[in-house]
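For reference, the structure discussed in these notes is given below.
One-based numbering along the sequence shown. Owing to the predicted nature of the structure, the values given are computational and were not obtained by experimental measurement.
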Amino acid sequence: MTEKIFAVDFETYYDKECSIKNLGPLGYFSHPSFDAYMVSVVGNEETEFVGHPKDFDWGKLNGAIVLSHNASFDETLYLYGVSCNWWPECQPEAWHCTADLAAYCKLPRSLKGSTAKLFDLTVDKSTRDNMSGKRWEDMSEEFKEEVSEYALKDSVLCLRLWESLQDKWPESERTISALNRKIVQGGIPIDIELLDKQKEIIALALFNAEEQIPWNGEKPLLSRAAFDEECKKVGLTPPVSLAENDPDSQKWIEDNEGKFSWIRAVKNWRRINSIKKKLESFSLATMPDRRYYGGMMYFGAHTGRFSGGGGNLNLQNLPRGEMFGVNLRHLISPNKGKSLVVVDLSQIEVRTLCWLAKDNEMLEMIKKEEDIYEAFAIRFKLWGNGPSSMGVLKKQNSELRHMVKTMVLGCGYGAGYKRFAQISGIGEKEAKKNVQRYRTSMPSVTKLWSKYNHLIAKAHEANKKIDTDFIVDLPSGRNLNYGKIKNWEDQTGFSSYTCSVPRHGKEMTIRLWGGLISENASQALARDIFTDMMLRVSQAGHKIIMHVHDEMVVETDTEKAQDSLNEIIGIMSTPPEWIPDIPVSAEGAILNKYEK
């Protein structure tokens, strides 16, 4: 018997104010202007429905596989509608996201982009754009027909995408995709009172910064022309750039902001305004149940790592500590009687790099030493003159430990001494010495770079004879696919290998070399280990409310928090079955507000 499969796509009212981008999913669905006026459903058993959701026979989906291209929207809307009695509940076997499937298969996430690349189709999205601000009852009959055809075509393409690619998406990855969606749908507890207080604090900070900018009210606050003009008034030569990543610019600001408060105000205004927007995003997407409903994107990066859901608030990159009197992380706080259990994988990418490099001796040292950076200090011959010196580096020589940590984290992917000097903030002479020490002490890692360099060149040569992709296999069974390798030469004659990878919905050309492949493979392997642990933690009954890189945040009853912490640390200190020989370690804490 053929498995029943249905593609489901909702069409909803939206405008500039009533939009998921501004409000988050539940804020959007609960907005007074919101209206889910259409659903299209296409099945592999010849079902084709397009019309109002209340008119569809939802019982058809019982026991079936349901698909949506962006299930974080369609599935979440369906569940919200059930809770509001907009339509009846059904029990599908599973609900899968074909946008996640496309991303896994190295295609653009959008239906337009993925079908264009896979099927060489041109999908016109102008109908969707023209639906902005139009209610169903106000549309002309001609436009209603256009919207209906558009919705039906999206479901047809969604089903076709699934039928073409489903065999390439492992069951474990489908489960990770669904779990990530479930985590987002559960929301994150927010301290509403602190949120209101922080909004007041940041509004005052923004006002004070604006008051110190001389051209406030006359010209745009970030006007470069106004900035340069003010510099000339006080006898300063304006810097070439004001970019935060420009060392010369930052040095100019440091030299002059103490003398002229308006220079510091201009520097701070952008940062303060950014925090203000993040607070507004928290506020807009936090519901009366005191929970924030945002987004977390499965396979948001080429390596498979998750990314933020877009907009002004990226939970994967919240500022650490207090800035201008505001601590965004502290907003994440459970209600009375609940606690956060936060557990982090320790130095996982350092461990995955050593595993990929087959440095079994280093892996054994990591396993034995309580402090991983002491293990590397011993390998670098900077520490360890017998048993009495073991296990005490952190206490006896914290400066040496910091230097070793910087070397381990900064040199593993082939950074040269000039780049390492920038990363570590040390002089180039010392940086050169440290880079050389790392490379001499870690020959297995430098061999890994060389191995990948050789494989890149080999793939490029093979491409001249047969059309083939450059693929790096991972122990999880997954792989990194870099597509077709090309050789590129600049005007100076410098030659390098390049490839195209999807990034932010577009194809981006990147330069390939052994160090980059080592970094990608280490991150990808770390991601696979972490997601394996996510599944195990969830299967053990723990409620994951968010995850950030290699860190899991679980919400639990306060009285059970210690037992939960112990169990989760145990799970995250046990490697997956498919890589039993990698030493993994985890540490965590019980918190009443999120911090790190």
Side-chain angles (χ1 to χ4, degrees), residues 243-251 301-303 305 317 346-359 362-363 366 372-383 399-457 470 472 480 482 485 488 490 492 494-499 501 503 508-527 549-550:
E244 290 185 6
N245 59 356
D246 185 330
D248 293 335
S249 163
Q250 295 309 301
K251 178 69 166 56
H302 172 63
T303 58
R305 282 196 175 274
N317 194 29
S346 304
Q347 312 93 19
I348 183 62
E349 287 182 31
V350 175
R351 299 163 192 261
T352 54
L353 178 61
C354 290
W355 191 92
L356 290 166
K358 299 180 180 179
D359 193 336
M362 192 69 240
L363 290 171
I366 290 172
I372 191 172
Y373 298 115
E374 183 163 338
F376 277 97
I378 294 169
R379 167 64 76 90
F380 296 161
K381 294 183 170 54
L382 293 170
W383 186 255
E399 289 186 8
L400 174 61
R401 183 181 183 277
H402 178 73
M403 184 186 76
V404 169
K405 180 178 179 180
T406 306
M407 291 167 64
V408 171
L409 299 179
C411 298
Y413 303 131
Y417 74 90
K418 290 185 178 180
R419 175 62 181 149
F420 182 65
Q422 293 177 341
I423 295 171
S424 60
I426 61 177
E428 289 190 359
K429 185 176 180 181
E430 185 180 358
K432 193 171 187 177
K433 183 175 67 174
N434 288 350
V435 168
Q436 186 58 45
R437 182 182 290 276
Y438 179 91
R439 295 183 179 187
T440 302
S441 303
M442 303 293 291
S444 57
V445 172
T446 60
K447 287 178 182 176
L448 182 67
W449 304 340
S450 298
K451 169 191 167 183
Y452 285 137
N453 278 332
H454 172 71
L455 291 175
I456 293 167
F470 174 48
V472 176
L480 292 172
Y482 292 89
I485 305 300
W488 175 80
D490 66 15
T492 66
F494 177 77
S495 177
S496 60
Y497 294 107
T498 65
C499 74
V501 296
R503 189 173 294 174
M508 182 171 289
T509 299
I510 61 171
R511 186 174 77 87
L512 281 185
W513 64 293
L516 177 65
I517 303 297
S518 299
E519 181 178 16
N520 287 175
S522 296
Q523 290 179 348
L525 178 53
R527 176 267 187 199
H549 305 307
D550 308 312

Non-hydrogen side-chain atoms of Leu512 and Tyr452 separated by less than 4.5 Å: no
Side-chain donor or acceptor of Thr440 paired with backbone N/O of Arg437 under 3.5 Å: no
Arg305 side chain near Asp550 side chain, heavy-atom distance below 4.5 Å: yes
Over all atoms of both residues, closest heavy-atom pair of Ser441 and Arg379: O-NH1, 3.0 Å
Worked check of side chain to side chain contact (heavy atoms under 4.5 Å, CB included) between Arg439 and Trp449: CA-CA 11 Å; Arg439 295 183 179 187; Trp449 304 340; 3.7 Å; yes
Asn434 side, atom CG; Met407 side, atom CE - distance, nearest 0.5 Å: 4.5 Å
Interatomic spacing from CZ in Arg401 to OG1 in Thr406 - rounded to 0.5 Å: 10.5 Å
Ring centre gap for His302 and Tyr482 strictly below 6.0 Å: yes
Parallel, tilted or perpendicular, as decided by the 30° and 60° cut-offs, for the rings of Tyr438 and Phe380: perpendicular
Reported CG-to-OG1 distance for the pair Leu363 and Thr352, which is rounded to 0.5 angstrom: 10.0 Å
Met403 vs Ile426 side-chain heavy atoms within contact, under 4.5 Å: no
Side-chain heavy-atom pair Gln347, Phe376 within 4.5 angstrom cut-off: no
Distance, nearest 0.5 Å, that separates CG of Leu516 from SG of Cys499: 8.0 Å
Contact summary for Leu353 and Ser518, nearest pair of heavy atoms: CD1-CB, 4.3 Å
Least distance between heavy atoms, Cys411 atom then Val435 atom: SG-CG2, 4.0 Å
Gln250 versus Glu244, closest heavy-atom pair with distance: NE2-CA, 3.3 Å
Heavy-atom pair with the smallest gap, counting every atom of Gly412 and Val445: O-CG1, 3.6 Å
Asn520 side-chain N/O to Thr303 backbone N/O, donor-acceptor pair under 3.5 Å: no
Considering all heavy atoms, the nearest Ala524-Leu480 contact: CB-CD2, 4.0 Å
From Ser522 atom OG to Arg351 atom CZ, the distance as rounded to the nearest 0.5 Å: 13.5 Å
Full working for side chain to side chain contact (heavy atoms under 4.5 Å, CB included) between Tyr373 and His402: CA-CA 8 Å; Tyr373 298 115; His402 178 73; over 6 Å; no
Distance, nearest 0.5 Å, that separates CD1 of Ile423 from CG of Leu409: 10.0 Å
Close side-chain approach of Met362 and Met442, heavy atoms under 4.5 Å: yes
Residues Gln523, Glu519; criterion side chain to side chain contact (heavy atoms under 4.5 Å, CB included); working and verdict: CA-CA 6 Å; Gln523 290 179 348; Glu519 181 178 16; 3.6 Å; yes
